[in-house]
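Residue numbering restarts at 1 for every chain, and letters A, B, ... go by the order of the sequence lines.
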Amino acid sequence: MPKIAITFPDGSSKQFDEGVTGLQIAEGISKGLAREALAVEVNGEVWDLNRKIVMDASLKILKWNDDGGKYAFWHSSAHLMAAAIELLFPGTKFGIGPPIETGFYYDIDLGDHTLTGDDLRKIEEKMVELSAKDDPYVREEKTWEDAVLYFKEKKDPYKIELLEELKGQTITFYHSGDFTDLCYGPHLPSTGRIKAIKLLSVAGAYWRGSEKNKMLQRIYGATFPTKQELDQHIFRLEEAKRRDHRKLGQELELFLLTPKVGGGLPLWLPKGTVIREELETFLRTEQKKRGYLSVVTPHIGNIDLYKTSGHYPYYKDSQFTPVKVEDEEYLLKPMNCPHHFQIYASKPRSYRDLPVRLAEFGTCYRYEQSGELNGLVRVRAFTVDDSHMFVRQDQLKEELIGVIDLIKIVFDTLGFSDFKTRLSFRDPKNKEKYGGEDSLWIQAEKDIKEAADEAKLNYFIGIGEAAFYGPKIDFIVRDVLGRNWQLGTVQVDYVMPERFDLEYTGADGQKHRPVVIHRAPFGSLERFIGVLIEHFAAEFPLWLAPVQAAVLSITDQYFDYATQVFEELKKAGIRVELDDRNEKIGYKIRDWELKKVPYMLVVGEKERAANTISVRQHKKGDLGAMGRDTFLAKILDTIQHKSLTL
RNA sequence: GCUGAAGUAGCUCAGCGGUAGAGCAGCGGUUUCGUAAACCGCAGGUCGUGGGUUCAAAUCCCACCUUCAGCUCCA
């Protein structure tokens with residue numbers, strides 16, 4: 001039997017018979033490993049455990065904690081679900097069924113039948129039944145023609161459509177029990193590995209993601225190797241719901257969304273406005289240090305501005321209908337740029353003046369489809385912490401790095417560590433979607449990449465994610481439900497300066513074009529605060545907390561002293577409230593705990609006599625008595641440093 | 001916009017053919033209390049809107065509006 005050499009992740013190497021499988025190798029190492037193994041990585045590719053290895057290879061056994069292991073687990077789970085569906089609903093046509101970040105889904109066409117919660121339960125039960133049979137997942141290679149024939153006989157048009165793109169290639173099928181699917185794998189050794197199963201929801205999804213296609217039914221599910229892990233997962237999902245910014249925003253009176261005003265048009269309540277203003281002040285201060293100039297522009301503008309900018313054709317579907325005034329048409333501004341360009345162009349600029357950094361918290365309006373609206377994270381009126389920076393080509397990279405630095409400071413200050421950075425480039429196959437000369441795009445994408453490299457950003461590249469006028473660096477944060485939201489953004493723009501004929505006079509006395517950087521560290525205050533609420537579970541750091549402290553008197557006999565403490569803190573600039581309700585102290589404490597107020601200051605006989613306050617910290621409990629000055633100095637310090645902990 | 005689900009008091013929810021219910025919040029009173037809910041009372045709703053079926057509709061049917069989940073699209 002010929003031998004092959006297998007190299008392990010630790011660098012060690014061992015000889016095996018040719019045709020050995022990953023599972024056999026795992027068994028050779030330990031029984032426990034073989035039990036936990038889900039898939040195997042062979043020369044960087046994820047393979048089935050029982051696929052034969054016929055060449056020298058580097059190899060890693062993948063378990064639950066490896067992405068590749070989870071991927072195989074959920075991929076196999078999708079097949080198991082499809083198998084169950086086929087048994088319960090014969091004739092179902094299958095779309096695609098991939099693993100996703102936290103589970104898997106399968107898109108299916110059931111004809112006229114709409115799935116109910118009851119159906120989901122039945123499918124789930126059937127899956128458990130099939131898992132108990134422990135059928136192996138068997139890989140089979142077929143010619144393209146045989147594959148098409150199979151699905152023609154099975155009358156599965158979606159699979160045939162998928163095959164169209166694989167013409168001429170060797171096709172792989174996977175069988176488990178009586179179910180067969182087109183699939184490049186990899187899969188678990190057998191269905192019995194899937195022990196804990198929960199189907200979560202069913203929703204519509206267009207075939208191949210296009211609005212023009214038929215809508216299929218998509219079933220989302222999650223599976224785990226053990227019941228404990230499933231329970232934990234369900235607990236996490238419920239925990240996440242508790243952090244939902246829409247729920248917390250209502251409970252804590254941060255903002256209001258009411259159909260009486262209109263969908264996606266948030267009203268900021270006094271407590272939410274505190275957060276908003278604190279964030280604005282924070283950024284304004286940082287920007288001042290960096291030479292930004294504040295400007296203010298109106299909420300509407302002549303439609304010609306947007307025709308010049310090119311927003312009008314590109315954004316047509318996402319703008320509100322123009323308003324007519326004395327034969328002129330005005331648009332609710334979908335962006336701030338054209339206004340800022342007019343400010344730049346209002347006087348001649350010298351190369352010595354550049355960079356010019358114009359900044360505004362500018363409210364923009366976009367007509368989003370009703371189904372897109374979502375709390376504060378997707379609205380129709382939002383305020384961009386916008387700036388347009390007019391720079392010379394030779395200043396561009398340095399300015400970009402400066403902007404990235406600012407965004408990092410913003411994210412750091414707020415404790416956002418779990419974010420992704422995407423370099424959003426245009427899709428070269430779809431050039432008509434974008435404005436401007438080819439050469440400008442090549443230059444802009446190069447500039448962005450170099451700046452990102454120099455700023456040591458850990459990024460990935462998103463093809464087709466660019467704005468129509470230029471490439472971007474996007475900062476993306478996940479919300480509690482695992483949805484990704486783009487917050488901060490930096491964009492390089494050679495197109496707009498051209499369209500608006502922006503100029504500066506160079507040292508050579510000639511006219512030159514500036515480059516524009518569009519940037520917004522928060523992205524929009526609405527979305528940012530929405531994500532922030534979930535990030536902190538509305539337990540904000542002291543500098544952002546709408547109410548920083550509440551003074552609670554034990555009984556009404558101590559109202560005078562409580563008022564004294566309250567006035568003193570108020571005078572020092574602390575956001576403090578006085579609880580002089582005729583209630584027991586336990587009641588008041590519970591109330592302020594639920595409001596997530598950082599500090600409760602309890603005063604009664606002892607405190608009045610000693611001229612102190614008893615400090616209780618949110619979620620932490622009684623910290624004991626403290627001198628009034630000591631407490632004030634402590635919280636002023638915490639606020640000033642924007643400390644994340646109390 | 002599309003597919004599906006849901007709309008009952010400020011909030012959370014029960015009622016699912018026989019003349020609207022609870023808890024919390026609010027208001028009035030009693031209580032004067034030491035670290036997560038004292039007690040008594042009062043008030044509060046054209047049951048999302050409009051049509052229909054019925055002797056009778058929150059409840060059944062239809063349309064529309066809004067919200068939620070997902071898809072598509074985006075800061």
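With hydrogens and angles left out, the side chain of A:Arg366 and the base of B:C73 share no donor-acceptor pair within 3.5 Å. Taking 3.5 Å as the limit, the base of B:G1 and the side chain of A:Tyr206 contain a donor-acceptor pair of atoms between them. Put simply, the side chain of A:Glu368 and the base of B:A75 share a donor and an acceptor less than 3.5 Å apart.
Contact annotation: A:Gln369 does not reach the phosphate of B:C73 (side-chain N/O to OP1 or OP2, under 4.0 Å).
For the C1' atoms, the distance from B:A9 to B:C71 is 36 Å, rounded to whole Å. Comparing B:U54 with B:C2, their C1' atoms are spaced 36 Å from each other, to the whole Å.
A salt bridge does not link A:Glu526 with A:Arg378: every distance from a Lys NZ or Arg NE/NH1/NH2 to an Asp or Glu carboxylate oxygen is 4.0 Å or more. Of the charged side-chain nitrogens involved, none lies within less than 4.0 Å of a carboxylate oxygen, so that A:Glu368 and A:Arg380 do not count as a salt-bridged pair. Salt-bridge check for A:Arg243 with A:Glu239: failed, with every basic side-chain N at 4.0 Å or more from each acidic carboxylate O.
Toward the 5' end of RNA chain B, the nearer of the two residues A:Glu526 and A:Ser370, judged by each one's closest nucleotide, is A:Ser370.
A:Trp485 does not qualify as a stacking partner of the B:A75 base, lacking a centre-to-centre distance under 5.5 Å together with planes within 30°.
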| request: Would you give a per-nucleotide map of nucleotides 33-49 of chain B, 5' to 3', where B means the base has a protein non-hydrogen atom under 4.0 Å away, S means only the sugar-phosphate does, and - means neither? | output: BBBBBB-----------
